Structure formats: C-alpha cells, structure tokens
Amino acid sequence: MKEKILVTGGTGYIGSHTVVELQNAGYEVVIIDNLSNSNAQVLDGIESITGIRPVFVEADCTDAAALRKLFEENPGIKGIINFAASKAVGESVQKPLLYYRNNLNTLINLLDLMPEFGVKGIVFSSSCTVYGEPDANPIDETAPIKPATSPYGNTKQISEEIIEDYIKSGAPIKSILLRYFNPIGAHPSSKIGELPLGVPQNLVPYLTQAAAGIRKELTVFGNDYNTPDGSCVRDYIDVVDLAKAHVIAMKRMLDRDDKDAVEIFNLGTGRGLSVLELIASFERATGVKVPHKIGERRAGDIEKIWADPKKANEDLGWTAVVPIDETMKNAWAWQCKVTGK
Ligand code: NAD
Ligand code: WQD
C-alpha cells in the first residue's frame, strides 16, 4: 500500500475519477466532501470500479475544527488533492462572498494544517480561466495572467498566489498547480460521471441532455467569431486523462525532492475544437443527432483558447490520449445511465 492521500471534493466530478485512478495506483484515499454539489452514491460507483470503498468524511472544509478532527482520526496523510470549491461562473457573479469564502477558506484551512500533520504536498485544481482571452494560441504556462472576469476566476488566481506566498514564507510543503482546460466525458464503465444540478451551464452536459430529449435543443452561442467555422474553440480534455495527471503529480511531489517547491502545469490536449466540431464528433461517435440552433454570443465568452501541454508532456511524463469520439461516446453512455435509458 502506498501513501495516504486526502481528496477534498472527492465525490465531485473530477474528484471521483481521480479517486479511482489513485486507488488503482495503490494509494489509500480519504475523501472529505460536504455533498453541496454531489451525492454519497458516488462512493458505490468508485467501489464498484476499483473494489475499494474509500474512507468518506462528510464535512465542510471551511470548518477548521472538522478538518483538524479528520487529520487526527486519519493519521499519516502524506498528500492532499484539493478539488473542493464552488465552480459556477455565473453564480459567482451573483454571490461573490460565497465563492471567496468557500474557495479561499477551504484552501487556507488545508494549508494551515499541513505542516502540523506532516502533509508534504498539495495538488491544486486551477483553471485555464486564469489566462483570460489569450494573445496567442496554444498557450503555455509562461503566458501572462489576465484580470479575472468573474469572482470564481479570481478565486483561482488568488489561490495560486496564496500557495506561492505560503511556500515562499518557508512553509515546509510543496505544491503542484494544475490548470485544467475543459474537462468532459465520464468513466468508460458509466459508473461515475458528471451530475449537473438543474440546467447545465457547460456545453457537454447540455449537449447530452438535448440529445436525450431532456432539453429542447442546444443553443450554439455565436457563429460569427474569428474561428474557422465561426463558433468558439476550446481544448476539451477527457476526465480520465485529467484524473491520471493528478496521480502522476502526486507521485512527483511525494517522491522527487529535486523538483521546485511550486510547479505549474497546463492540462490540455493541445487540440482546439469548435462547438460545431464537438457536436459533429458526438453525432459521429453515437449515431445520435443533437438538436441545435445558432444563437447569440454568450456575454464574456472567450473566442478561442487551447493549451500548449508540452511542459506536462515532457516534465510530468503525462499526455492526454483518449480520442474525442471515445470521450463523447462515454459522455453519452453516462447520460443514458442517468436518464435510465
Ligand atoms: P464538482 O462540483 O463536481 O466537485 C467539487 C466537489 O467539492 C463537490 O462534490 C462539492 O460537494 C465539494 N465541495 C465544495 N465545497 C466544499 C467544501 N467547502 N467542503 C467540502 N466539500 C466541498 O466540481 P468539479 O468539476 O469536479 O471541479 C473540481 C475542481 O476543479 C474545482 O476546484 C473546480 O473549480 C476545478 N475546475 C473545474 C473545471 C471544470 O470545468 N469542471 C475546470 C477547471 C477547474
Ligand atoms: C464551452 C463552449 C460556449 C453551452 C467554463 C468556465 C471556466 C472553466 C470551464 C472552471 C463555449 C459554448 C456552451 C451552451 C454553447 N471552469 N456553449 N452552448 O466557457 O470554456 O469555461 O468552464 O474553471 O472557468 O468559464 O466552458 O462548457 O461553458 O463552454 O455554445 O449551451 O461551449 O460558448 O464556447 P467555458 P463551457
């Protein structure tokens, strides 16, 4: 058995896929989640895929006393992967304090307790949102950070700075900041996946719900952008590829004392796809039509962004490998499972 890892937000979308990969790699996992955006049945899915039920603590990471109790009751935690956060961009504009309180207090509480409990490293879920609208694509980690366009995005920028300042102050910990591009898809077993509450705000859950007849049609937000087909371009990355990068990052933090105390990696494929190309991929992969129409641009949308993943490819030794059609097939299988088809 390898080291014990605390996964905050471990019953969430990316967290649950990462717990599977950690357990498959031999790590012992403790999850903390307040179930504000997930449910405890996810643990059944994880157990059914890996044969192991992770330790689960239902508590809020903003509650420092509850976190302390967790560390006391689960001695020997060596690393943390911090997924726990509120993540809806639009909601963050309406409720900024909720976002600053939840996302920042969670991180600060974790950092505060790490030295006392001998936790060596923390992997942090950051986002390509820190780059804003890039001056050029693909974008690498040296690109400038642009002013955040939402409180949510700002929490990611501030969180990166908090971690950097804390380590600069001499705190005996390490960190890897992972800037995700657009995570999509589901586990190929269809036992875990994304569970959006209410009307999905992100493209793929909306698309699969439209294909399933839950939504009348998908609106493509604009077709007059400066892109090959006029719709926006993103770097869509399979959630299992993304999850695997966390296991590699954790191993690097815990095992490689020769590496910098803070490292930053883009996690993307290096491939830009438009909204219309993604719809075409879904239809090709599944044989199911996506009812859709062209609509107005969405306020604040970035025109095009995709990653230069060279640093992650070369330094981490990680590359995204799942073909886009496979990802879309998995997203559809998960949607069918959720809708009971
Ligand atoms: P998610 O909402 O599915 O998972 C987050 C989990 O954290 C949920 O299970 C939620 O219940 C839990 N949580 C939230 N606040 C908590 C708290 N105070 N205490 C305990 N648990 C708490 O989201 P996700 O898509 O899996 O995202 C995971 C992380 O990755 C987040 O930090 C998010 O900002 C970041 N991220 C996500 C994307 C994306 O497109 N999904 C892109 C870039 C970065
Ligand atoms: C993707 C593309 C839309 C819905 C957001 C956050 C970002 C990050 C990832 C966490 C865009 C288009 C969408 C629809 C559409 N999260 N679209 N019709 O905007 O790249 O990023 O999630 O850090 O911070 O802002 O992702 O999935 O919302 O949109 O045409 O109904 O799909 O215009 O081009 P986005 P998304």
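Each ligand, and each atom within it, is numbered from 1 in the order the structure gives. Not measured: the values here are computed from a predicted model.
The backbone N or O of Leu254 sits less than 3.5 Å from a side-chain atom of Lys120, completing a donor-acceptor pair. For Asn103 (side chain) and Ala85 (main-chain N/O), no donor-acceptor pair under 3.5 Å exists by modelled atom type. Of the possible polar contacts, none joining the Asn202 side chain to the Val204 backbone as a donor-acceptor pair under 3.5 Å is found. No donor-acceptor pair closer than 3.5 Å links the side chain of Glu194 to the backbone N or O of Ile184.
In summary, the side chains of Asn154 and Tyr100 do present a donor paired with an acceptor at a separation below 3.5 Å, with no hydrogens or angles considered. Asn24 and Thr50 share no side-chain donor-acceptor pair at under 3.5 Å. Using modelled atom types, one finds a donor on one side chain and an acceptor on the other under 3.5 Å when comparing Lys191 with Ser48. No side-chain N or O of Tyr152 forms a donor-acceptor pair with one of Glu91 less than 3.5 Å apart. In this structure, a donor-acceptor pair under 3.5 Å is present between the side chains of Ser125 and Tyr180.
Scanning the protein for heavy atoms near atom 16 (C) of ligand 1, the closest one is Asn34 ND2, 3.4 Å. Ranking the protein heavy atoms by distance from atom 36 (P) of ligand 2 puts Asn202 ND2, 3.5 Å first. Scanning the protein for heavy atoms near atom 2 (O) of ligand 1, the closest one is Asn37 ND2, 2.7 Å. Given atom 29 (O) of ligand 2, the protein heavy atom at minimum distance is Arg298 NH2, 3.4 Å. With hydrogens left out, the protein atom closest to atom 35 (C) of ligand 1 is Ser125 CB, 3.8 Å, a heavy atom. Remark: minimum distance from atom 4 (C) of ligand 2 to any protein heavy atom is reached at Phe221 CE1, 3.5 Å. Nearest protein neighbour of atom 15 (N) of ligand 1, counting heavy atoms only, is Asn102 ND2, 3.0 Å. Of the protein's heavy atoms, Ser127 OG, 4.1 Å lies nearest to atom 8 (C) of ligand 2. Protein heavy atom nearest atom 4 (O) of ligand 1, with residue, atom name and distance: Gly12 CA, 3.5 Å. Nearest non-hydrogen protein atom to atom 24 (O) of ligand 2 is Thr129 CB, 3.5 Å. Nearest protein heavy-atom neighbour of atom 10 (C) of ligand 2: Tyr152 OH, 2.9 Å. Here the protein heavy atom with the shortest distance to atom 24 (P) of ligand 1 is Lys87 NZ, 3.7 Å. Given atom 37 (C) of ligand 1, the protein heavy atom at minimum distance is Ile14 CD1, 3.8 Å. Atom 12 (C) of ligand 1 has its closest protein heavy atom at Asp33 OD1, 3.2 Å.
Which of Thr155, Val89, Val233, Val275 comes nearest to atom 25 (O) of ligand 2 through a heavy atom is settled by distance: it is Val89. Atom 14 (C) of ligand 1 has its nearest heavy-atom neighbour, among Ala66, Gly9, Ala85, in Ala85. Within the set Thr149, Asn182, Ile294, the minimum heavy-atom distance to atom 26 (O) of ligand 2 is found for Asn182.
More than 12 heavy-atom neighbours from other residues, nucleotides or ligands sit within 6.0 angstrom of NZ on Lys146. Heavy atoms of other residues, nucleotides or ligands lying less than 6.0 angstrom from NZ of Lys259 number more than 12. When the shell of 6.0 Å around CD of Glu296 is examined, it contains 12 or fewer heavy atoms from other residues, nucleotides or ligands. Other residues, nucleotides and ligands contribute more than 12 heavy atoms inside 6.0 Å of the NZ atom of Lys311. Other residues, nucleotides and ligands place no more than 12 heavy atoms under 6.0 Å from the CZ atom of Arg101.
Using 4.0 Å as the threshold, Tyr225 has no heavy atom nearer than that to any atom of ligand 2. In this structure, Ala59 counts as a contact residue of ligand 1, since one of its heavy atoms falls inside 4.0 Å of the ligand. At least one heavy atom of Arg234 sits less than 4.0 Å from an atom of ligand 2. Judged by the shortest distance from any of its heavy atoms, Tyr180 lies outside the 4.0 Å radius around the atoms of ligand 2.
Polar contact with ligand 1: present for Tyr152 (N/O pair, distance under 3.5 Å). Residue Phe83 has at least one nitrogen or oxygen atom sitting less than 3.5 Å from a nitrogen or oxygen atom of ligand 1, judged on distance alone. Ligand 1 has an N or O atom lying under 3.5 Å from an N or O atom of Ser36, backbone or side chain. Annotation: Pro183 places no N or O atom under 3.5 Å from an N or O atom of ligand 1; distance criterion only. Taking distance alone, with nitrogen or oxygen atoms compared against 3.5 Å, Tyr180 stays at or beyond that limit from ligand 1.
Counting heavy atoms closer than 4.0 Å to ligand 2, residue Lys156 contributes nothing at all. Counting heavy atoms under 4.0 Å from ligand 1, residue Glu194 does not touch it at all. Of the heavy atoms in Tyr236, only side-chain atoms (C-beta onward) come closer than 4.0 Å to ligand 2. Heavy atoms from both the backbone and the side chain of Asp60 come within less than 4.0 Å of ligand 1. Looking at Ser126 against ligand 1, only its backbone comes within 4.0 Å, counting heavy atoms. At a heavy-atom distance under 4.0 Å, only side-chain atoms of Leu218, from C-beta outward, approach ligand 2.
Close contacts of ligand 2 with Asp301, meaning ligand atoms under 4.0 Å from a residue heavy atom, involve 3 (C), 19 (O), 33 (O). Against a heavy-atom cut-off of under 4.0 Å, Thr219 is close to the following atoms of ligand 2: 14 (C), 15 (C), 18 (N), 30 (O), 31 (O).
Once rounded to the nearest 0.5 Å, the distance linking CG of Asn74 with CG of Leu6 reads 8.0 Å.
Among Leu67, Asn34, Thr62, Thr155, the single residue meeting the side-chain contact (heavy atoms from CB on, under 4.5 Å) criterion with Thr106 is Thr62. No option in Ser86, Ser92, Ser36 other than Ser86 meets the side-chain hydrogen bond (donor to acceptor under 3.5 Å, both in side chains) test with Asn102.
In this structure, His246 has its ring center closer than 6.0 angstrom to the ring center of Phe83.
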